[in-house]
Amino acid sequence: MARTSYPFAEIEPKWRQHWRDSGLFRCDTHAAGRQPYYCLMMYPYPSGALHMGHVINYSIGDAIVRYHLMKGENVLSPMGWDSFGLPAENAAINAGVDPAAWTKQNIDKMREQMVRAGWGYDWDRELATSHPGYYQWTQWLFLQFYKAGLAYKKKAPVNWCPSCQTVLANEQVHDGACERCSSVVEPRDLEQWFFAMSRYAQRLLDGHAKLEGKWPERVIKMQQQWIGRSEGARLDFGIQAPGTALDGQTLSVFTTRPDTTYGVTSMALAPEHPHVEVLLANHPKRDEYLQAVRRMRNVSAIERTSEESEKEGIPTGACVVNPFDGSTAEIWVTNYALMEYGTGAVMSVPAHDQRDFMFARKYGIPIKVVIQPEGETLDADAMAEAYIEPGVQVNSGPFDGMPNEEAKKAMTEHVKAQGKGDFTIHYRLRDWLVSRQRYWGAPIPIITCEDCGEVPVPEADLPVLLPDDVDFTHGGESPLATCDAFVNVPCPACGRPARRETDTMDTFVDSSWYFLRYLAPRLADRAFDPATCNQWLPVHQYVGGIEHATMHLIYARIFTQVLHDLGHLAFDEPFERLFCQGMVCHTAYRIDDYSLASTGENVPEDHVTKQADGTLVRASDGQNVVLDRTWLTVEQVDTDALVRKSDGHPVHAEMTKMSKSKLNGVSPDRLFDHYGADTVHTYILFVGPADQDIEYSDQGVVGVHRFLNRFWDTVSGWTERLADVGTDVPEGDLDADSKALRRKAHQTLQRVTAAFEPPFRFNTAIAGLMELTSEIRDRAEKAGCAAAVKETLVLAVQCLAPFAPHVCEELWERLGQPTGIFRCPWPEANAEAARAEEIEVPIQVNGKLRSRVTVDADIDDGALEAVALADSKVQQQLAGKTVRKVIVVAKQLVNIVVS
RNA sequence: GCCAGAGUGGCGGAAUUGGCAGACGCACUGGAUUCAAAAUCCAGCGAGGUUCACCCCUUGUGCGGGUUCGACUCCCGCCUCUGGCACCA
């Protein structure tokens, strides 16, 4: 660290105070004349401590905000808190503190950190989603969805921990076990609320057209994949199940390969499929099979996230009838068919689908070839794998000889004409499960009455307040269910005793509309003001982490589209431009301890092997081994020897995203204390392109700090001497140094201005400012024109201001400039001053650099060629050779081809 | 497995998208300043060679091919890493 720093500890608080007092970031959304610019940064979860990820996110946003202020726009830069969620509840359970108090304390702590970091926000607009004044409107929005038929209730499985007697979030389940007590998690069906978001699948895909070029391409790609549109056909198979209610009924399947239908030799049902129990009802092995099905359901729910598991099936004895040729195929219950995709039934074509092929080989199901590569004959018995390439139809009745791509269409038309199927499109996107069996969230505003059924809470009765006297430590399906005063209410319709919904909403609901609330955060009678929203939205620039590419950014888009369709908003995409900063990675240290599952005996790491199914065993005897992983802080580790300091235990190092659980987070506090906010902002933007992941290191931070010191010294060295000098450079000839200074200053201005257009290459803009500073130190003393020096200094300070606002504001004042740097207009580059007079052009002979010539910047190609050929070093190279061709790239390069 | 993105000095990264590879910064080395150190300033810094003083030459952007007067950049085939998705019918 530099010992003699510029006095950041004095000037930073001074200017923060000044900005606050003068309302620099206070936005009057109704102010006329200035162009609105809404810059939104993803609001944080109030964990109580800033980390480097926040620092990147908010430093990018801050630079953009300040730049647009300087462009004279009416800038809205709000900040708030995503303050509902699990950690508050965990703190309550573990430490016995009130979630509301815990949250408020964290918010206060983080707000103070953010203010000290120097980021500019309109704090008058601060909001917190856990505040009743906010969640009242989250509830109101739920009711709008409900009234529009977009919110509905159905049974869905949750992760149930039998030992904690509570519902777990997915993130609380590790390898199928409860993170707290390690008992095996069971699926349990509960009635839960859903938003019918799959109806918006196509709208979401179509909306991408508007975002093209303005959102990162990878985010659009990820969303497309998430929505997962696939085109295919619905086929209706008849059911042959004598003695059951299903006999003679139809079973619909979705397939992308209708061309293979003649090759169907079995049918796979998801274990959750409602037909399963009916079909097995009369089976001789009924009990045994149903038990196996139940096991599948359990296993599949748990293993859904795990690697490949073995494909298993149970034959039901019942059959389906092929809609084309009337042939029959047995119905199996399989662990690989998913109830939530398609219809929960998959037609199995082993000859042309690899998964079906493996399943058929395992259970001896026939394989029937219906597509062949042209000029070849496939033998079903000899096949080693499924044939999935295009080909020609065989064994397909009237469709024989047709190319299979054509047959897809023709065969679907055939079943359509017979009323046994149709063209369909399926989406992977599922409806959004919004119920959470949690306390710390917005209560779902529905009351259930025995007589009236589901009754929405009247809007006048909102908010449904969270009770503050809930004991949620003893588990149960929903903490609110234990609070009688909350649950028991009169029915709003008939007045008789009824029960409140006790689930709360997913916190993604809160964040799906917060950008609307910022426009009028204290509005008491409405969620948002449509007129102001229509004027200010879509958000001009949204800045946030790539990790929200699918969930949050899809939910916010759906909310906007729904509110548009319901007539509340004129626009249907919330974020015009999106910028995603990369993730911040850092070395994490861990210790892996292995022990025998049976006895707990310790097993050395190199005696453990991983089996194909992912389970760990001791290599010598195949006994199951469990892994106990402990994360360590850097302080606990000897990072050179990679051992734990306390006992020499070997340690693994890995580079991963900073996170609380891996203890590899770096707090920015120390950096702010040592170097000041300006250094931290500038450094984090200087290390690399902002959209790339970075491996965090503060190795280079001293370099940026040195630069700001040098900048400070350089500019302050001139302030007195130039006190009475203006920036108007007189017409006519300037001396070389003055000219060179101006040139560099205007070139840098062009470079910095360009950096504020996507994709925001701030790192090179800052490098340019470093170059400009060196130029000033080299030439300013020698320059003959004081106005040129002053102009250069003024431009340099303005260009650096979005990155290092406090220093620049101070230097701006010392240079005698008016009113505050962020209220003065962003300068316009003078193209004439930026123009180079002479340029250096490289000369190649046969593509190899042989010489360089310095020529007039306006030189034409012919003259440049002549100069190049006349050059003495070139002449040496040309001796005894014939010039075949001369390539001149205007003002850039000459290449002489010889032989 | 599929889909993205990336691979450039000891390190983070530049290169107007086909035209001087290594801007800017870190680290390192030498020098100035100092009683000495820190800080600061100046200079050097991909590798190899040479008559190491000036020049100059060869080579070099993950690997192997190709297109081109010219390739970090475009095409074909591989390798590695990061991220996303994954019994998706």
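Chain A is the first sequence line, chain B the second, and so forth, proteins listed ahead of strands; every chain is numbered from 1. Everything numeric here is computed off the predicted structure, so don't read it as measured data.
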Trainee: Measure from the ring center of A:Y683 to the ring center of A:Y675 and say whether it is less than 6.0 Å.
Mentor: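 For A:Y683 and A:Y675, the ring centres are not under 6.0 Å apart.
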
Trainee: With a 3.5 angstrom cut-off on both distances, give the Watson-Crick or G-U wobble partner of B:U68, or none if there isn't one.
Mentor: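 Looking at the geometry, B:U68 pairs with no nucleotide.
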
Trainee: With both distances under 3.5 Å as the test, what is the Watson-Crick or G-U wobble partner of B:G5?
Mentor: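 Across all strands, the one nucleotide that pairs with B:G5 is B:C81.
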
Trainee: For B:C57 and A:R850 - does any side-chain N or O of the residue sit under 4.0 Å from the phosphate oxygens OP1/OP2?
Mentor: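 Looking at the OP1 and OP2 atoms of B:C57, one of them is under 4.0 Å from a side-chain N or O of A:R850.
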
Trainee: Does the structure show a Watson-Crick or G-U wobble partner for B:C26, both distances under 3.5 Å? Name it, or say none.
Mentor: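 Paired with B:C26, as far as the under-3.5 Å criterion goes, is B:G10.
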
Trainee: Would you say A:K221 reaches B:G5's phosphate, i.e. side-chain N/O to OP1/OP2 under 4.0 Å?
Mentor: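 The answer is no; no side-chain N or O of A:K221 sits under 4.0 Å from OP1 or OP2.
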
Trainee: Are A:F756 and A:F803 an aromatic pair, judged by ring center distance below 6.0 Å?
Mentor: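 Yes, close enough.
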
Trainee: When you check the phosphate oxygens OP1 and OP2 of B:U16, does a side-chain N or O of A:R751 lie under 4.0 Å from one of them?
Mentor: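 No, no such contact exists.
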
Trainee: Write down the partner of B:U40 under the Watson-Crick or G-U wobble criteria, each distance required to be under 3.5 Å.
Mentor: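 In the structure as shown, B:U40 has B:A32 as its Watson-Crick or wobble partner.
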
Trainee: Nearest-Å distance, CG (A:D691) to C1' (B:G5)?
Mentor: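 In whole Å, B:G5 C1' and A:D691 CG are 10 Å from each other.
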
Trainee: Looking at A:R761, I'd like to know whether one of its side-chain N or O atoms comes within less than 4.0 Å of OP1 or OP2 on B:G13.
Mentor: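 A:R761 to B:G13 OP1/OP2: no side-chain N or O under 4.0 Å.
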
Trainee: Grab the OH-P distance between A:Y341 and B:C85 for me, whole Å please.
Mentor: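 Taking atom P of B:C85 as the reference, OH of A:Y341 is at 16 Å.
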
Trainee: When you measure from the side-chain N and O atoms of A:R706 to the phosphate of B:A39, is any distance below 4.0 Å, counting only OP1 and OP2?
Mentor: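 No, because none of the side-chain N or O atoms of A:R706 sits under 4.0 Å from OP1 or OP2 of B:A39.
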
Trainee: Using a cut-off of less than 4.0 Å, is there contact between a side-chain N or O of A:N763 and OP1 or OP2 of B:A14?
Mentor: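 Yes, because at least one side-chain N or O of A:N763 sits under 4.0 Å from OP1 or OP2 of B:A14.
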
Trainee: Taking the six-membered ring for Trp, are A:W432 and A:F508 closer than 6.0 Å centroid to centroid?
Mentor: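 Ring centres of A:F508 and A:W432 not closer than 6.0 Å.
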
Trainee: Can you find a side chain N or O atom of A:R777 that sits less than 4.0 Å from OP1 or OP2 on B:C41?
Mentor: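 Answer yes for this pair, as a side-chain N or O of A:R777 is under 4.0 Å from OP1 or OP2.
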
Trainee: Under 3.5 Å for both donor-acceptor distances, Watson-Crick or wobble: does B:G46 have a partner, and if so which one?
Mentor: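 Pairing partner, where one exists within any strand: B:U59.
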
Trainee: Judged by each residue's nearest nucleotide on RNA chain B, which is more toward the 5′ side, A:R852 or A:V346?
Mentor: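 Nearer the 5' end of the strand: A:R852.
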
